[in-house]
**Student:** 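Take a look at this one; I'll ask things after.
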Amino acid sequence: MSNFDFLKTEFKSFYPNASQAEKLALSDSRGSCFYARLALEMAVHWLYNHDQTLRRPYEHMLGALIHEPTFQQLLPPPLFNKIKAIQKAGNQAAHNPKPVMAYDAVRICRELFHLLYWLARTYTRLSDPKELDISFNPDLLKPRNLKTQAKVIPSTVDALQKQEEAFEKQQAEQDKKIKQREAAISAQAKTLEEREAALKDLDAELATLREELAAAKEKNLKVPDSHDYSELATRKLIIDLLLKEAGWSIGPNGSDVSEEYPVIGMPNQKGEGFVDYVLWGDDGLPLAVVEAKKALKDPHVGQQQAKLYADCLETMKGRRPVIFFTNGYETWLWDDVLYPPRMVQGFNTMAELQLMVQRRTLRKDLTGVNVKESIVDRHYQKRVIQSLCEAFMQSQRKGLLAMATGTGKTRTVIALVELLMRCNWVKRVLFLADRVALVNQAVGAFKTHLPESSPVNLVTEKNGLGRVCVCTYPTMMGLIDFMKDGKRAYGVGHFDLVVIDEAHRSVYQKYRAIFEYFDSLLVGLTATPRDEVHHDTYHLFDLETGIPTDAYTLEEAVKDGFLVPPKPVSVPLKFQREGIRYDDLNEDEK
């Protein structure tokens with residue numbers, strides 16, 4: 001028997017990969033997680049093919065498909081997080097050389113069971129969806145003989161990747177068959193009317209199936225779903241996966257993470273407490289505490305309790321840890337020595353947390369620090385740098401500079417980077433531009449004015465190492481998901497400062513995920529006049545509309561003699577004056 005036997009009746013295409021994940025859970029955990037991810041991909045593609053409420057995104061990768069708003073609206077909240085857990089576990093199985101624990105594979109099989117159960121229950125055409133009421137039975141996961149298993153299916157990562165490629169090839173072949181069928185219909189049709197009728201018949205078949213599934217879905221959703229989707233288990237699994245992505249060792253053999261760690265000094269009758277997670281440094285001292293609350297609760301419910309745990313650990317160990325509180329789906333970081341709580345997209349690595357703790361004492365006061373005049377020497381450049389420094393000193397983490405074209409925005413930000421590095425505020429910087437030409441220009445400027453920062457062009461050197469990384473927005477979107485040895489190459493705390501060149505509304509709309517992902521200081525540069533900057537851009541920097549951190553306008557630059565006033569030139573164009581006639585064009589123009 002298998003936990004996935006319920007798929008055999010109406011959804012048998014999912015059964016092979018799902019059952020294989022189950023069979024390998026205890027004997028080949030890496031293979032199990034990979035097959036679970038394959039089953040997830042099949043389920044997501046099936047939903048897009050058969051549910052008319054879903055709108056396909058421009059990108060057909062799994063990450064884009066599951067984050068499409070209509071897809072997220074389709075699923076109950078617990079299920080979306082189960083999908084993320086399966087995806088992350090599959091990625092780690094494929095790219096992380098560290099062993100995959102059997103208990104992790106069992107948890108992923110359970111998440112896959114809940115997802116496929118929901119799919120089957122929602123879209124089944126059985127008269128009563130309650131006929132599918134079943135629960136996950138871990139006793140059905142039995143280890144198989146490894147020698148027998150090796151004959152049945154290779155368990156290496158390479159072989160599993162080939163299986164995924166075969167699945168993608170199968171999808172392409174199915175698309176090809178559909179096109180061939182349409183071509184055959186077109187060739188056989190004697191008249192245009194016959195061809196249109198045949199195509200209508202083909203569309204009608206698909207439309208009928210979708211209507212049947214839509215009707216089944218509507219009927220099934222009216223029946224209360226009492227299935228236990230194990231949301232608390234999912235929350236724990238996602239927290240564990242996020243910690244592993246940041247390089248923390250968690251589980252029975254974990255050495256740098258303690259779970260349910262006992263502390264003394266709590267304000268209760270026994271004076272005792274148990275911290276959900278403690279993250280330890282190489283020196284044996286605590287770097288962070290993680291307080292996990294139930295998924296249905298606001299994570300802020302655990303904020304005060306996490307602070308009390310930090311108080312206890314500071315008394316016990318002599319160092320105050322950074323505080324995380326989370327419900328598994330929403331995570332907040334609180335370094336209460338320096339900043340108020342802020343939402344983050346994951347956990348910091350050990351090195352990043354150690355640097356965060358060290359900065360409490362190492363970073364210098366920015367007030368009155370001299371700007372390096374070999375980089376900038378104009379009065380307004382020094383002023384806007386000082387404005388940003390004052391904002392940072394007041395625990396603000398974002399700033400927007402509106403400076404006219406030609407006033408030296410790039411050199412200004414290079415001088416800012418040099419000052420912040422000198423004062424131990426930042427170590428690594430990300431400079432983002434929207435065109436490759438601007439990336440090349442910025443790299444050249446950093447090499448000229450701040451060569452010790454070892455600037456790297458990430459567009460051409462994906463694995464380049466330097467204190468300053470320069471990149472386009474689309475390239476960085478891809479690098480965020482890049483995994484190296486099972487860990488994110490660029491974790492949430494990798495950069496201490498992110499600079500947005502030409503910050504404007506379209507950047508905000510398309511790429512705000514980058515700014516939300518990295519937990520860093522954020523500086524935006526724009527040449528757009530302050531009154532014309534869109535309110536979305538101001539909101540990104542937590543500023544009032546029309547009030548940037550500092551501004552230097554074209555009018556001021558002209559008045560000060562740094563720029564000359566623009567002169568409009570009218571250039572009459574033949575195309576606009578006389579229009580265009582197709583018959584008058586030569587073959588190349590046509």
**Student:** Does a donor on one side chain and an acceptor on the other come within less than 3.5 Å for Asp501 and Tyr473?
**Tutor:**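 There is no such pair (donor and acceptor under 3.5 Å, judged by atom type) between the side chains of Asp501 and Tyr473.
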**Student:** Minimum heavy-atom separation for Ala25 to Cys109, with atom names?
**Tutor:**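 Looking at all heavy atoms of both residues, the shortest contact is CB-SG, 4.1 Å.
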**Student:** Can you confirm whether the side chains of Arg359 and Asn424 place a donor and an acceptor under 3.5 Å from each other?
**Tutor:**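 Arg359 vs Asn424: no donor-acceptor pair found between side chains.
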**Student:** Hey, does the side chain of Glu68 reach the backbone of Thr70 with a donor-acceptor pair shorter than 3.5 angstrom?
**Tutor:**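 Here the side-chain-to-backbone pair exists.
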**Student:** For the pair Phe325 and Trp334, name the ring-plane relationship: parallel under 30°, tilted 30 to 60°, perpendicular over 60°.
**Tutor:**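 Rings of Phe325 and Trp334: perpendicular, over 60°.
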**Student:** Are any of the side-chain heavy atoms of His300 and Asn327 separated by less than 4.5 Å?
**Tutor:**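 Side-chain contact under 4.5 Å: no.
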**Student:** Give a yes or no on whether the backbone of Ala21 and the side-chain of Ser32 come within a donor-acceptor separation of less than 3.5 Å.
**Tutor:**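 Checked: pair present.
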**Student:** Backbone N or O of Arg428 within a donor-acceptor pair of the Asp496 side chain at under 3.5 Å?
**Tutor:**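 Such a contact is found between Asp496 side chain and Arg428 backbone.
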**Student:** I need the single residue from Arg37, Lys84, Lys82 that forms a salt bridge (Lys or Arg N to Asp or Glu O under 4.0 Å) with Glu111. Which is it?
**Tutor:**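 Among Arg37, Lys84, Lys82, the one that satisfies the salt bridge (Lys or Arg N to Asp or Glu O under 4.0 Å) with Glu111 is Lys82.
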**Student:** Indicate yes or no for a side-chain donor-acceptor contact from Trp248 to the backbone of Asn348 under 3.5 Å, with no hydrogens or angles considered.
**Tutor:**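 Yes, Trp248 side chain to Asn348 backbone: donor-acceptor pair under 3.5 Å.
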**Student:** Stepwise, does the ring pair (Phe, Tyr, Trp, His ring centres under 6.0 Å) test hold for Phe495 with Tyr490?
**Tutor:** CA-CA 8 Å; Phe495 295 107; Tyr490 298 97; 5.8 Å; yes
**Student:** Under the ring pair (Phe, Tyr, Trp, His ring centres under 6.0 Å) criterion, do Phe80 and His67 qualify, and how do the steps go?
**Tutor:** CA-CA 9 Å; Phe80 177 71; His67 285 91; 5.6 Å; yes
**Student:** If we ignore hydrogens and angles and just use 3.5 Å, is the side chain of Asp256 paired with the main-chain N or O of Ser249 as donor and acceptor?
**Tutor:**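 Yes, the answer is positive, given that a donor and an acceptor are paired below the 3.5 Å cut-off.
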**Student:** Looking at Arg397 and Asp542, does any basic side-chain N land under 4.0 Å from a carboxylate oxygen?
**Tutor:**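 Answer for the salt bridge query: no.
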**Student:** For atom NZ of Lys382, decide whether the heavy atoms of other residues, nucleotides or ligands shown that lie under 6.0 angstrom number more than 12.
**Tutor:**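 Buried by this count: over 12 neighbours within 6.0 Å.
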**Student:** Quick one: CD on Gln386 to CG on Leu366, what's the gap to the nearest 0.5 Å?
**Tutor:**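 Taking CD in Gln386 and CG in Leu366, the distance rounds to 8.0 Å.
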**Student:** Ile414 versus Leu416: any side-chain heavy-atom pair under 4.5 Å?
**Tutor:**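 Side-chain contact under 4.5 Å: no.
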**Student:** Please set out all donor-acceptor pairs under 3.5 angstrom arising from side-chain atoms of residues 443-454, sequence neighbours excluded.
**Tutor:**
from   : atom 1 : to     : atom 2 : distance (Å)
Thr448 : OG1    : Gly444 : O      : 2.9
Ser453 : OG     : Leu450 : O      : 2.7

**Student:** Taking the side chain as every heavy atom from C-beta outward, state whether Leu24 and Ser29 have any pair of such atoms under 4.5 Å apart.
**Tutor:**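 Side chain of Leu24 against side chain of Ser29, heavy atoms only: no contact under 4.5 Å found.
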**Student:** Within 45 degrees of the axis of the six-membered ring of Tyr339 and under 6.0 Å from its centre: does Arg342 put its NZ or CZ there?
**Tutor:**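 Yes; both conditions hold, so Arg342 lies above the ring face of Tyr339.
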**Student:** Shortest non-hydrogen contact from Phe541 to Leu400?
**Tutor:**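 Shortest heavy-atom contact: CE1-CD1, 3.9 Å.
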**Student:** Taking Asn17 for the side chain and Tyr35 for the main chain, is one N or O donor matched with an acceptor at less than 3.5 Å?
**Tutor:**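 Checked: no pair found.
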**Student:** Is it true that Thr475 and Thr472 share a donor-acceptor pair across their side chains at a distance under 3.5 Å?
**Tutor:**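 Yes - a donor-acceptor pair under 3.5 Å links their side chains.
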**Student:** Between the side chain of Thr528 and the main-chain N/O of Glu532, is any donor-acceptor distance below 3.5 Å?
**Tutor:**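 Checking the backbone N and O of Glu532 against the side chain of Thr528, no donor-acceptor pair under 3.5 Å is found.
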**Student:** As an exercise, state the distance from CZ of Arg512 to OG1 of Thr537, rounded to the nearest 0.5 Å.
**Tutor:**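 That separation rounds to 11.0 Å.
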**Student:** Can you measure from NZ (Lys88) to CG (Leu237) and round to the nearest 0.5 angstrom?
**Tutor:**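 One gets 10.5 Å once the value is rounded to the nearest 0.5 Å.
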**Student:** Is there a side-chain contact between Ile83 and Leu75 (heavy atoms, below 4.5 Å)?
**Tutor:**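 Side chain of Ile83 against side chain of Leu75, heavy atoms only: contact under 4.5 Å found.
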**Student:** Are any of the side-chain heavy atoms of Val322 and Arg360 separated by less than 4.5 Å?
**Tutor:**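 Yes. Closest side-chain heavy atoms under 4.5 Å.
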**Student:** Side chains of Arg363 and Gln358: does their closest heavy-atom pair fall under 4.5 Å?
**Tutor:**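 When only atoms from C-beta onward are counted, Gln358 and Arg363 do not touch, as no gap falls below 4.5 Å.
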**Student:** Would you kindly say whether Trp280 and Ser258 are connected by a side-chain donor-acceptor distance under 3.5 Å?
**Tutor:**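 Yes, Ser258 and Trp280 have a side-chain donor paired with an acceptor closer than 3.5 Å.
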**Student:** I'd like to know if Asp240 pairs up with Lys236 as an ion pair, taking the criterion as any Lys NZ or Arg NE/NH1/NH2 lying under 4.0 Å from an Asp or Glu carboxylate oxygen.
**Tutor:**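 Salt bridge present between Asp240 and Lys236.
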**Student:** A side-chain contact here means heavy atoms from C-beta on lying under 4.5 Å apart; do Val290 and Asp276 qualify?
**Tutor:**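 The answer is no, as the side chains (C-beta and beyond) never meet within the 4.5 Å cut-off.
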**Student:** Kindly say whether Val100 contributes a backbone atom to a donor-acceptor pair with the side chain of Asp104 at under 3.5 angstrom?
**Tutor:**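 Pair absent, no side-chain N/O of Asp104 close to backbone of Val100.
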**Student:** Please tell me if the side chains of Asp434 and Tyr511 come closer than 4.5 Å, counting only heavy atoms from C-beta onward.
**Tutor:**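 Answer no - side chains too far apart.
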**Student:** Would Asn457 and Asn440 satisfy side-chain hydrogen bond (donor to acceptor under 3.5 Å, both in side chains), going step by step from the backbone distance to the final call?
**Tutor:** CA-CA 7 Å; Asn457 185 338; Asn440 296 335; 3.0 Å; yes
**Student:** To the nearest 0.5 angstrom, please state how far the CG atom of Leu333 sits from the CG atom of Leu353.
**Tutor:**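 Here the interatomic distance stands at 7.5 Å.
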**Student:** Over all heavy atoms of both residues, which pair between Ser395 and Leu338 is shortest? Give the atoms and the distance, please.
**Tutor:**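 Ser395 and Leu338 have their closest heavy atoms at OG-O, 3.2 Å.
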**Student:** If you take all heavy atoms of Val429 and Met421, which pair is closest and at what distance?
**Tutor:**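 For Val429 and Met421, the tightest heavy-atom pair comes out as CG2-CE, 4.0 Å.
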**Student:** Determine the minimum heavy-atom distance between Ile239 and Phe347, stating which atoms define it.
**Tutor:**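 Shortest heavy-atom contact: O-CE1, 4.0 Å.
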**Student:** Could you go through Glu502 and Leu525, starting from their C-alpha distance and side-chain angles, then the distance that decides it, and tell me whether this counts as side-chain contact (heavy atoms from CB on, under 4.5 Å)?
**Tutor:** CA-CA 5 Å; Glu502 298 300 334; Leu525 307 174; over 6 Å; no
**Student:** Show the numbers, then the answer: is there a side-chain contact (heavy atoms from CB on, under 4.5 Å) between Ser520 and Leu497?
**Tutor:** CA-CA 5 Å; Ser520 68; Leu497 170 66; 5.6 Å; no
**Student:** Atom CD of Gln381 and atom OH of Tyr552: how far apart are they, to the nearest 0.5 Å?
**Tutor:**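 Going from the CD atom of Gln381 to the OH atom of Tyr552 covers 9.0 Å.
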**Student:** I need the Asn49 CG to Met42 CE distance, nearest 0.5 Å.
**Tutor:**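 The distance works out to 10.5 Å.
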**Student:** For Lys409 and Thr526, what are the C-alpha separation, side-chain angles and deciding distance, and is it a side-chain contact (heavy atoms from CB on, under 4.5 Å)?
**Tutor:** CA-CA 8 Å; Lys409 293 191 296 296; Thr526 182; over 6 Å; no
**Student:** Run the numbers on Phe71 and Leu65 for side-chain contact (heavy atoms from CB on, under 4.5 Å), then give the verdict.
**Tutor:** CA-CA 7 Å; Phe71 186 84; Leu65 291 172; over 6 Å; no
**Student:** Given Ile86, which partner from the list Leu38, Leu241, Leu40 fulfils the side-chain contact (heavy atoms from CB on, under 4.5 Å) test?
**Tutor:**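 One option only clears the test, and that one is Leu40.
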**Student:** Donor-acceptor check, side chain of Lys398 to backbone of Leu540, threshold 3.5 angstrom: yes or no?
**Tutor:**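 Here the side-chain-to-backbone pair exists.
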**Student:** For the residue pair Met343 and Trp332, what are the closest heavy atoms and their distance?
**Tutor:**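 Nearest heavy atoms, Met343 then Trp332: N-CE3, 3.4 Å.
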**Student:** Tell me if a side-chain donor or acceptor on Arg411 pairs with a main-chain N or O of Ile375 at a distance below 3.5 Å.
**Tutor:**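 Here the side-chain-to-backbone pair exists.
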